[in-house]
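Since we're looking at a predicted model, the values are computed, not measured. Numbers here are sequence positions counted from 1.
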Amino acid sequence: MGCPDPHSCFDETQPRARHLELELDVDFGRRIIEGRVVLVLSGSSSGVLDLDTKGLEIRSVGVEDGAEVPFTLADEAPILGRRLRLDLPPGTTRVVVEYETSPAATGLQWLEPGQTAGGTHPFLFSQLQPIHARTVVPVQDSPRARVTYSAEVTVPEPLVAVMSAAAAGHQPGARSGTRTFLFEMPQAIPPYLLALAAGELESRDLSARSRVWAEPATALAAAYEFADIEDMIRTAEGLFGPYEWDRYDMIVLPPSFPYGGMENPRLTFLTPTLLAGDRSLVDVVAHELAHSWTGNLVTNADMEHFWLNEGATVWAERRIVEALHGEEAAVLGWAVGEKALESEFERFGREAPETRLRGELRGTDPDDVFSSVPYEKGSRFLALLERTVGRPRFDGFVRRYIERFRFTSITTEEFVAFLDAELPGIAGQVDARGWLYDPGMPENAPVFRSARLESLTALGEGFAAGKRPSGDDVAGWSPAETLVYLQHVPRPLEASACRWLDEHLELTGRGNYEILVEWLTIAAASDYDPAFPRLREVLSRIGRMKYLRPLYKALGAHPRTRDLAREVYASASPGYHELSRRASEAVLSQYPSS
Ligand code: BES
Ligand code: ZN
């Protein structure tokens, strides 16, 4: 009763925590955080309050005058963790929970100095989407239960702590050799947007409202790569309305970060694989920035409506790219997305429930069904609406959507109701029902074409028939064009063909990881051993799941490459994030035994 989120015990009929006062003491030696949180309730409350926890050791629960509050920790439920049930005395406005995280907390990754760029200090980062906030703080861990927060984070000197919040300075910590960093987050966010990183960090200002944080060794490269951020923010504001989060800072994390980016408000988290040296991978930043409207202002109510976050954000990302770099660049983005979508249909099967936009996820771990479907099918649905009503009308619709639902968390059904009210008849005209509730890809999916795209595709697909790009062709290609070409080259290839590609496109030495990994995937599938050292290096250093999955998959094709994969995995996996380990193992477990 009253528990709408299949991944949380958040109960709408119970008292609501509206604000969190966090005290987090980061202990790198024990790989735990000692935490104290004051849950500030929406009014004077009493009775049962259920919180989500996972792996937390609860030391005490009380009201602030010291009186204990009775609590019970339910048995561990698979995926969800343990429900912490508090029995609040009448008149409760603030509850204090003292606790400790587990070294195995899935929301945190603890890095040895050797896993950082600097090599001398440890590093900690959080990744709490979709349902890992409960491994760091006892909370109503559902996007429906938005909170504001303040935090005091204590870390050993000379480390710096940053959060998805406004920084409010630092002071000496209670223990000598520590510093306490203060934060204030005045805007209500879903708990999955709580975020923390700590390490040897410095920052470079990029504009009056943006700076990039990174380890000293990468700070300069990061500042170069993202120098144009202010233009991007202004472009996004022109499309979607004012940027509401005050600052837009970024942090470049160590290479084990399992995603490309994470839209933590005021502080986007980024993989260092974006540092290509030529600003060619900033579409990921456009994506995370776009979440400032789609995702962080208007949030999916729970993971069954994840397409509302990601589909809308991919659509918005491509509009930003188009505004900044032209229609041709956006078409290439759609083409790369198309490839990703096709490979998901192959992985799941076209009729599989994983290919529906509106999910049914009770009993399913959202991390296990993460895929490009909500991103690429969701964004195509919105692009179809855009084409159907025309851009000016659709842009108006998007602005009113953001205005209407800002700082709330909504379902697919609420989206459809708004669509019906604002653009009457359109849902029926495009068969929105089929798009949202049926598996596979509808017949009326929009197609994205350009002469340039056609010629790159034809050139790649013609590789087996002997077609080759000229030196002039190749020299004129942008990184995105090179990627699209490579994605269409058939595989496996003969060693001589691999050598030709590597020599003419200079692939093994690339700093653009999209291109590099596409090439290494071809090389792995082709058992092309001159690429093995580079392959080994990438798999050993990079934890981004988007790259680990296709590389390990391609290595499954031959006995020799399977051995290589198992050996590299055994030595590299202790440095991977838990999620990256799980993703890689899922691929390795599909290998034939040899
Ligand atoms: N919010 C996602 C990452 C995420 C999703 C983490 C679900 C955990 C659960 C982020 O915005 C994202 O989509 N990142 C992509 C970027 C890409 C689509 C440009 C990534 O990491 O590759
Ligand atoms: Zn996203």
Side-chain angles (χ1 to χ4, degrees), residues 28 31-33 54-55 79 101-119 121-132 135-136 195-199 214-215 218 251-262 269-275 284 347 365-372 513-514 516-517 520-521 524 532-556 561-591:
F28 281 95
R31 296 192 155 195
I32 59 144
I33 293 176
K54 197 171 186 186
I79 304 163
T101 63
S102 154
T106 47
L108 300 173
Q109 191 181 8
W110 301 86
L111 302 179
E112 297 293 342
Q115 293 176 270
T116 67
H121 297 282
F123 202 103
L124 168 68
F125 66 80
S126 69
Q127 169 52 49
L128 303 189
Q129 195 185 19
I131 53 168
H132 304 288
T135 70
V136 181
L196 168 68
E215 291 188 70
T218 35
I251 177 171
V252 176
L253 294 162
S256 69
F257 185 58
Y259 291 98
M262 176 66 212
F269 282 26
L270 297 170
T271 167
T273 61
L274 302 188
L275 304 179
V284 175
R347 169 158 78 117
D365 186 334
D367 282 320
D368 288 344
V369 291
F370 179 87
S371 85
S372 295
Y513 270 80
E514 292 292 318
L516 177 64
V517 169
L520 292 175
T521 306
F532 286 5
R534 185 75 166 125
L535 192 50
R536 187 185 283 276
E537 185 189 314
V538 170
L539 289 171
S540 302
R541 216 174 68 78
I542 308 296
R544 188 175 174 187
M545 293 187 281
K546 182 184 179 188
Y547 298 149
L548 296 180
R549 277 200 209 90
L551 289 174
Y552 279 120
K553 180 162 181 248
L555 287 167
T561 52
R562 288 201 282 277
D563 289 346
L564 173 70
R566 292 193 188 101
E567 182 214 315
V568 175
Y569 181 75
S571 80
S573 58
Y576 289 173
H577 191 282
E578 157 83 13
L579 291 174
S580 305
R581 272 199 295 275
R582 265 208 263 162
S584 306
E585 276 170 29
V587 175
L588 290 165
S589 72
Q590 303 288 319
Y591 283 10

Sequence neighbours excluded, which residues qualify as ring pair (Phe, Tyr, Trp, His ring centres under 6.0 Å) partners of [X]?
{"X": "F28", "answer": "W110"}
{"X": "Y552", "answer": "Y569"}
{"X": "F123", "answer": "none"}

Suppose we screen for side-chain hydrogen bond (donor to acceptor under 3.5 Å, both in side chains). Which residues come up paired with [X], at least two apart in sequence or across chains?
{"X": "T106", "result": "H132"}
{"X": "Y591", "result": "none"}
{"X": "S126", "result": "none"}
{"X": "K546", "result": "E514"}

Taking the side chain as C-beta and beyond, is there a heavy-atom pair between [X] and [Y] under 4.5 Å?
{"X": "L539", "Y": "L555", "result": "yes"}
{"X": "S371", "Y": "R347", "result": "yes"}
{"X": "E215", "Y": "H121", "result": "no"}
{"X": "I79", "Y": "I131", "result": "yes"}

Review point. In terms of side-chain heavy atoms, does R544 have a donor or acceptor partner in T271 at a distance below 3.5 Å?
Key: no
Exercise for review: Tell me yes or no: between the side chains of Q115 and S256, is some donor less than 3.5 Å from an acceptor?
Suggested key: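 Q115 vs S256: no donor-acceptor pair found between side chains.
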Check your understanding: According to the salt bridge (Lys or Arg N to Asp or Glu O under 4.0 Å) rule, which pairs have a member within residues 102-117, sequence neighbours left out?
Key -> R31-E112
List in chain and number order the residues that pass side-chain contact (heavy atoms from CB on, under 4.5 Å) with [X], two or more places apart in sequence or in another chain; answer none if no residue qualifies.
{"X": "E537", "answer": "R534"}
{"X": "T521", "answer": "R491, V517, P550, L551, A554"}
{"X": "R582", "answer": "D365, D367, D368, E578, L579"}

Write down the atom of [X], the atom of [Y], and the distance for their closest heavy-atom approach.
{"X": "A565", "Y": "L588", "value": "CB-CD2, 4.1 Å"}
{"X": "F532", "Y": "T561", "value": "CZ-CG2, 3.6 Å"}
{"X": "A214", "Y": "T218", "value": "CB-OG1, 3.7 Å"}
{"X": "S102", "Y": "I32", "value": "C-CG2, 4.3 Å"}

Can you tell me how far the [atom1] atom of [X] sits from the [atom2] atom of [Y], to the nearest 0.5 Å?
{"X": "F370", "Y": "Q129", "atom1": "CZ", "atom2": "CD", "value": "8.0 Å"}
{"X": "R536", "Y": "E567", "atom1": "CZ", "atom2": "CD", "value": "4.5 Å"}
{"X": "L548", "Y": "I542", "atom1": "CG", "atom2": "CD1", "value": "8.5 Å"}
{"X": "R549", "Y": "S580", "atom1": "CZ", "atom2": "OG", "value": "8.5 Å"}
{"X": "T101", "Y": "I33", "atom1": "OG1", "atom2": "CD1", "value": "5.0 Å"}
{"X": "L270", "Y": "L275", "atom1": "CG", "atom2": "CG", "value": "8.5 Å"}

Check your understanding: Any chance the rings of F257 and F125 have centres within less than 6.0 Å?
Key ->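 Ring centres of F125 and F257 closer than 6.0 Å.
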Check your understanding: Is it true that a side-chain atom of T273 and a backbone atom of Y513 form a donor plus acceptor pair closer than 3.5 Å?
Key -> no
